[in-house]
Number of protein chains: 2
Amino acid sequence: MAPMGDVPVVDAMRYASAGGKRLRAFLVLESARLHGIGPEQAIWAAAAVEALHAYSLVHDDLPCMDDDDLRRGLPTVHRQWDEATAVLAGDALQSLAFELLSRPEMGEAQQRADLVLGMARAVGAQGMVLGQALDIAAETADTPLTLAQITELQAGKTGALIEWSATVGPVMAGADVAPLRAYSRALGLAFQIADDILDVEGDAETVGKAVGKDAEAGKATFVSLLGLEGAKARAQALIDEACQALAPYAEEAETLREAARFVISRQS
Amino acid sequence: MAPMGDVPVVDAMRYASAGGKRLRAFLVLESARLHGIGPEQAIWAAAAVEALHAYSLVHDDLPCMDDDDLRRGLPTVHRQWDEATAVLAGDALQSLAFELLSRPEMGEAQQRADLVLGMARAVGAQGMVLGQALDIAAETADTPLTLAQITELQAGKTGALIEWSATVGPVMAGADVAPLRAYSRALGLAFQIADDILDVEGDAETVGKAVGKDAEAGKATFVSLLGLEGAKARAQALIDEACQALAPYAEEAETLREAARFVISRQS
């Protein structure tokens, strides 16, 4: 039975899930805490969103997509193993996300079903996958994207899952999602602008992935459209907006405000 | 905004979901009906399992996996569009499956959460993805697989999702899953043996995909291990077993028995 156990998929899933900033898990845990939901329960949703995010990175790095060799300072999954393993590990990480999210430990069935539905919508053809598809289409488009188009693209590609993460708490508690939704929309966009700035200002070793790719490919980014200083000013304005949206939580939300400030000061 | 709407992912999802035998959807609807659950409710689970199945076919057909050009008589998604579109369409079909399954129309939250958990386990790294990974590993293994190993592989690759489909009814009704579980395990294995027989006896036009690939690749199959007549006898015995497992449902389950007989008489 030797060859039967010998599949690298689970190792690849573990490898792909290691490292990273854990921003989405942090948002889940903090938004849960603000609504009186402890980590013993919210940890399942936090693990789910990191599994989902890891799947998206593994597939985005594939040769037929962004064709990246380096991720979080290590070879990408298809470089460490092969393309088949990367496709399968990504596929299974997506399944794992929904498995973790629907476990009984996560909470009442109603909450679990609501969170599954929300995540599925955030990551599918109207959310994350749409964003990635638009990103790929933009590479071969005749004219560079406009600011409105890049904003729409990023709302799908990274924004939807960040919003899902930050609203886990009110969804589980049956509370108003509006403040955390406003926070996370501004945060998600600022996060992406910061990514574009890092692609220009960062070095590959610190960032943990290739930099300068966008400019090289002649791709429109927030930096190419707004200029470096304009992009920084826009990111700062969005962070201010995100912090103000947290007003209903008063000082209880200070950690989320710090996270927002971190997002635009980070080096990786 | 012209290039923004211009992504083929949704078209590719629709294309990949068309056609096929709809065996899994049929099993969902019949098992629901046996437990007094009507199609207006079970249709969501039936659509979900077909979306899930379509995703698995699109990814299995990729060049880095089975590298197939033909599926259900038409070019595979990566041949019709490109690899990036095939990866993304498969990814979004998996998300769509979980979205459909967790919709409020599907039933009580408890049922939805149970079905999501069951499907996620059936298709992840301990189920369908494991089966596909074992299948790929077998192609480069030093020795051909044994009968026990092929049986284990198929239990993951096709068996787990067929079992999930056939047990939707009792899961939703909170009833005993044992009879339909026994039925679907025998059915799933018989289905795969029939597939191996078709790969030898069928012609590509009727089957709708390439045939003779396994023998050409020197892959162990149920036919290579049991012989053609032995494989047919084994499939027949499994169908008898599947039909007997339905005894508790008496004549109410006659349609499921007919489906089992169809599985080994089909030409595609």
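Everything numeric here is computed off the predicted structure, so don't read it as measured data.
- Residues satisfying the side chain to side chain contact (heavy atoms under 4.5 Å, CB included) test with A:Asp199, not counting sequence neighbours, are A:Val211, A:Asp214.
- Between chain A and the options B:Ala84, B:Gly127, B:Ser56, the largest number of non-hydrogen pairs under 4.5 Å is found for B:Ala84.
- The stretch residues 35-44 of chain B places none of its residues near chain A, where near means some heavy atom under 4.5 Å from a heavy atom of that chain.
- Residues that satisfy the side chain to side chain contact (heavy atoms under 4.5 Å, CB included) test with B:Ser31, not counting sequence neighbours, are B:Val168, B:Pro170, B:Leu180.
- Neither the backbone nor the side chain of A:Leu93 comes within less than 4.5 Å of any heavy atom of chain B.
- In the displayed structure, B:Gln80 atom CD is contacted under 6.0 Å by more than 12 heavy atoms of other residues, nucleotides or ligands.
- Top candidate by heavy-atom pairs under 4.5 Å with chain B, chosen from A:Ala86, A:Ala92, A:Ala89, A:Gly90, is A:Ala92.
- Interface remark: of the candidates B:Asp91, B:Val9, B:Asp82, B:Asp91 forms the most heavy-atom pairs closer than 4.5 Å to chain A.
- Here the shortest heavy-atom pairing between B:Val129 and A:Leu88 reads CG1-O, 3.7 Å.
- Heavy-atom minimum distance, B:Ala137 versus A:Val7: CB-CG1, 3.9 Å.
- No more than 12 heavy atoms of other residues, nucleotides or ligands shown are found within 6.0 angstrom of CZ on A:Arg79.
- When A:Gln94, A:His78, A:Glu83, A:Met65 are compared by the number of non-hydrogen pairs under 4.5 Å with chain B, A:Gln94 comes out ahead.
- Residues from residues 95-116 of chain B that place a non-hydrogen atom less than 4.5 Å from a non-hydrogen atom of chain A comprise B:Ser95, B:Phe98, B:Glu99, B:Ser102, B:Arg103, B:Pro104, B:Ala109, B:Gln110, B:Arg112, B:Ala113, B:Val116, given in numerical order.
- The contact between A:Val123 and chain B is made by backbone and side chain atoms together, counting heavy-atom distances below 4.5 Å.
- Contacts between B:Met13 and chain A at a heavy-atom distance below 4.5 Å involve the side chain alone, from C-beta outward.
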